[in-house]
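Notes follow the structure.
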Amino acid sequence: MRRILILISGSGTNMQAIADACQQGRIDGEVVGVISNKPGVLGLARAEAMGIPTAVLPHTDFASREEYDAELKLVIDSFYPDFIVLAGFMRILTPTLVSHFAGKMVNIHPSLLPKYKGVNTHQRALDAGDKEHGVSVHFVTAELDGGPVILQARIPIFPGDEVEDLQERVHEQEYRIYPLVVQWLCTGRLQLTERGAMLDNEILGPYGYAAD
Ligand SMILES: Nc1nc2c(c(=O)[nH]1)N[C@@H](CN(C=O)c1ccc(C(=O)N[C@@H](CCC(=O)O)C(=O)O)cc1)CN2
Ligand SMILES: NCC(=O)N[C@@H]1O[C@H](COP(=O)([O-])[O-])[C@@H](O)[C@H]1O
């Protein structure tokens with residue numbers, strides 16, 4: 001059973017989707033811990049309700065990003081994870097920490113990377129007049145949201161859409177594909193086909209396609 005550690009900063013709905021998938025046997029892994037950089041967030045309550053160990057490491061307690069990441073590395077290592085999953089974790093990580101976990105750390109980003117790296121992605125897609133938007137799961141590297149994309153899912157943008165509409169449609173795809181990617185990390189089983197990514201005969205569907 002692979003050991004999955006999840007880092008959050010907020011509501012933890014993606015953490016919940018992955019933890020549920022583990023409990024339902026859709027991921028051959030267990031969530032061994034949840035770390036938040038913000039105290040009192042809903043994601044911590046979600047984890048505690050599932051009996052998952054939690055830790056809070058406020059970035060505001062540290063004088064620099066480097067000092068924070070040095071402590072964060074120790075806390076991460078204390079869980080002995082096989083993989084580190086960023087799920088709404090809103091801190092930019094230093095190259096030192098990222099290189100320590102190279103190939104073992106993934107992130108979910110609410111845009112069709114390489115479009116709209118950073119924050120406020122839904123508003124930026126609306127402002128640009130895009131007809132579609134989406135979500136990307138990628139390996140974490142020193143370059144913010146620049147790591148190799150593993151899997152993406154697309155959503156349509158309709159006239160009159162607002163940020164909340166995109167947020168809801170993107171969340172639906174997030175909860176679908178993030179558990180698939182984590183299962184791929186745990187088992188290596190993710191067939192990439194012309195119809196999209198397949199995992200154990202589950203096709204991602206028309207809006208799901210593997211990065212080339
Ligand atoms: N070195 C990397 N660190 C992180 C990556 C990455 O790819 N490489 N992904 C991000 C996740 N992310 C978007 O998906 C993201 C998170 C945070 C920010 C950001 O601007 N953070 C600010 C603080 C914002 C806040 O506290 O609300 C900051 O760190 O100063 C942009 C994008 C996770 N880290
Ligand atoms: N740049 C990172 C970023 O914006 N991540 C986004 O934060 C949300 C977290 O929700 P959650 O805490 O409920 O999982 C998710 O929509 C995720 O894509």
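In listed order, ligands and their atoms are each counted from 1. Nothing here was measured: the structure is a model prediction, and the numbers come from that model.
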I need the E172 CD to E168 CD distance, nearest 0.5 Å.
5.5 Å

Taking 4.0 angstrom as the limit, do R91 and D69 come out as a salt bridge?
no

Is D130 paired with R124 through a side-chain N to carboxylate O contact shorter than 4.0 Å?
no

Charged N to carboxylate O under 4.0 angstrom, K73 versus D77?
yes

With heavy atoms of E143 as the reference, note each atom of ligand 1 found under 4.0 Å away.
7 (O), 8 (N)

N/O donor-acceptor pair under 3.5 Å between D20 side chain and A17 backbone:
no

With backbone taken as N, CA, C and O and side chain as the heavy atoms from C-beta onward, which portion of P95 lies under 4.0 Å from ligand 1: side chain, backbone, both, or neither?
neither

Kindly identify the option in M90, H59, H138 whose heavy atom sits closest to atom 21 (N) of ligand 1.
M90

May I have the step-by-step check of side chain to side chain donor-acceptor pair (under 3.5 Å) for D28 and T187, ending in yes or no?
CA-CA 7 Å; D28 296 326; T187 64; 5.2 Å; no

Electrostatic pair D145-K117, nearest N-O below 4.0 angstrom
no

What is the nearest protein non-hydrogen atom to atom 8 (N) of ligand 1, stated with its residue, atom name and distance?
T141 O, 2.9 Å

Heavy-atom proximity to atom 11 (C) of ligand 1, best of V98, N107, T121:
N107

S136 side chain to L113 main-chain N or O, any donor-acceptor pair under 3.5 Å?
yes

Among protein heavy atoms, which sits nearest to atom 3 (N) of ligand 1, and what does the distance come to when rounded to 0.1 Å?
L93 N, 3.0 Å

Considering L86, V135, I92, N120, which one's heavy-atom position lies nearest to atom 20 (O) of ligand 1?
I92

When distances are taken from atom 7 (O) of ligand 1, the protein heavy atom at minimum range is D145 N, 2.8 Å

Nearest 0.5 Å, what's the OH-CD distance between Y178 and Q183?
14.5 Å

So is G147 touching ligand 1 or not, going by heavy atoms under 4.0 Å?
no

If two hydrophobic side chains count as joined below 4.5 Å and joins carry through other members, does F101 share a cluster with L57?
yes

Does S36 use its side chain to pair, donor to acceptor, with the backbone of P39 at less than 3.5 Å?
no

For V140, counting its heavy atoms only, list the atoms of ligand 1 lying under 4.0 Å from any of them.
2 (C), 6 (C), 8 (N)

Name the closest protein heavy atom to atom 5 (C) of ligand 1, giving the residue it belongs to and the distance to 0.1 Å.
L144 CD1, 3.6 Å

Closest approach of any protein heavy atom to atom 33 (C) of ligand 1, naming residue and atom:
R91 O, 3.3 Å

As an exercise, identify every atom of ligand 1 less than 4.0 angstrom from a heavy atom of F89.
11 (C), 16 (C), 33 (C)

Residues in the immediate environment of ligand 2 (any heavy atom closer than 4.0 angstrom):
S11, G12, T13, N14, A87, G88, M90, I108, H109, P110, G118, H171, E174

How far is atom 30 (O) of ligand 1 from its nearest protein heavy atom, and which residue and atom name does that atom have?
R65 NH2, 2.9 Å

If you round to the nearest 0.5 Å, how far is CD1 of I92 from CG of L144?
5.0 Å

Would you say the side-chain atoms of T121 pair up with the backbone N or O of P110, donor to acceptor, closer than 3.5 Å?
yes

